[in-house]
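Read the structure below first, then the notes.
Because only heavy atoms are used, hydrogens play no part in the values below, and waters and symmetry mates are left out as well, while side chains stay in.
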Amino acid sequence: MQQQQIQKQNFAALNQEQELKLQQQQQEILSNMYQINQQSANSLVTLHNQGEKINQFEQNLDQNQQKLHKIDYILDVIKSPWGQFKALFTQPKQEKVGNQKKDDQKQQIQQPPQRQVDDIYDEMINQTNQMKYQQLLTHQTITNQNSQLDRINQKADKQTVQMSKQNEKTKSIIK
């Protein structure tokens, strides 16, 4: 009888030890999830700041394009005897500047919900959903920035060709 009681106590102690280990593992998992969510939120902030810089760079390219059109106009006026006469009736070419707002880059970053002590598995699900949301937002932001960088490359290539032509015009005027 006493031996059965000792076995029950040992079994209860073993169960408590296993429960404690399980609770510690759950806490470690949640801690890791919080850290991942924080790192993901920091990445989103960095991507947003990068997007702002890309927007500014694209605006600068658009301004440069306007200046290049004005230079073309001036070079044509200088190069041709009829250029001054032609200048009376024409204006420098105006390029349409695409000001695209990136509202999706300015979305608020949701904070993870407060952990409920009595329902740790629900918290894990919430954290997983939060990570999924942040990853989708990160993907969307990167896709938008890639599209914008493609447009910037096209504009820069166009301006490089235009400046090359202006250099040739300038050389022919100087000769």
For Q65, which of K158, Q162, K155 qualifies under side-chain hydrogen bond (donor to acceptor under 3.5 Å, both in side chains)?
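Testing Q65 for a side-chain hydrogen bond (donor to acceptor under 3.5 Å, both in side chains) against K158, Q162, K155 leaves exactly one candidate, Q162.
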Other cluster members, I54 - Ile/Leu/Val/Met/Phe/Trp/Tyr, side-chain contacts below 4.5 Å:
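Answer for I54: F57, L61, L149, I152.
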Q) If you link I, L, V, M, F, W and Y whenever their side-chain heavy atoms are under 4.5 Å apart, who else ends up in the same group as L14? A)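 Under the 4.5 Å side-chain rule, L14 groups with nothing.
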Q.
Here's a test for you: under side chain to side chain contact (heavy atoms under 4.5 Å, CB included), which of Q27, M33, Q26 qualifies with I29?
A.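 Per the side chain to side chain contact (heavy atoms under 4.5 Å, CB included) rule, the option paired with I29 is M33, out of Q27, M33, Q26.
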Would you say [X]'s side chain and [Y]'s backbone share a donor-acceptor pair under 3.5 angstrom?
X	Y	result
T141	L137	yes
Q159	N64	no
S40	I36	no
Q145	L47	yes

Item checked: For L68 against Q166, the heavy-atom pair lying closest together ->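 Answer, listing the atom of L68 first, then Q166: O-NE2, 2.7 Å.
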_OG on S43 to NE2 on H48, rounded to 0.5 Å_ =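 Here the interatomic distance stands at 14.5 Å.
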### Query
How many angstroms lie between atom CD of Q134 and atom CD of Q38, to the nearest 0.5 angstrom?
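Output value for this atom pair is 8.5 Å.
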Considering residues at least two apart in sequence or located in another chain, which fulfil the side-chain hydrogen bond (donor to acceptor under 3.5 Å, both in side chains) criterion with [X]?
X	result
Q154	none
Q39	none
E168	none

* Any salt bridge (charged side-chain N to carboxylate O under 4.0 Å, His left out) involving residues 18-37? Give me the pairs, sequence neighbours left out, ordered by first then second residue. =>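 Of all non-adjacent pairs touching residues 18-37, those that pass salt bridge (charged side-chain N to carboxylate O under 4.0 Å, His left out) are E17-K21.
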[X]: what forms a side-chain contact (heavy atoms from CB on, under 4.5 Å) with it, not counting sequence neighbours?
X	result
I174	T170
N167	none
L136	K132
Q35	S31, N32

Any N144 side-chain heavy atom under 4.5 Å of Q148 side chain: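 Contact flag for N144/Q148 side chains = no.
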- Message: Any donor-acceptor pair under 3.5 Å linking the side-chain atoms of D62 with those of Q66?
- Response: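 D62 and Q66 do not have a side-chain donor-acceptor pair below 3.5 Å.
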Take N10 and Q7, measure what side-chain contact (heavy atoms from CB on, under 4.5 Å) needs, and give me the verdict at the end.
CA-CA 5 Å; N10 286 342; Q7 286 178 349; 5.6 Å; no
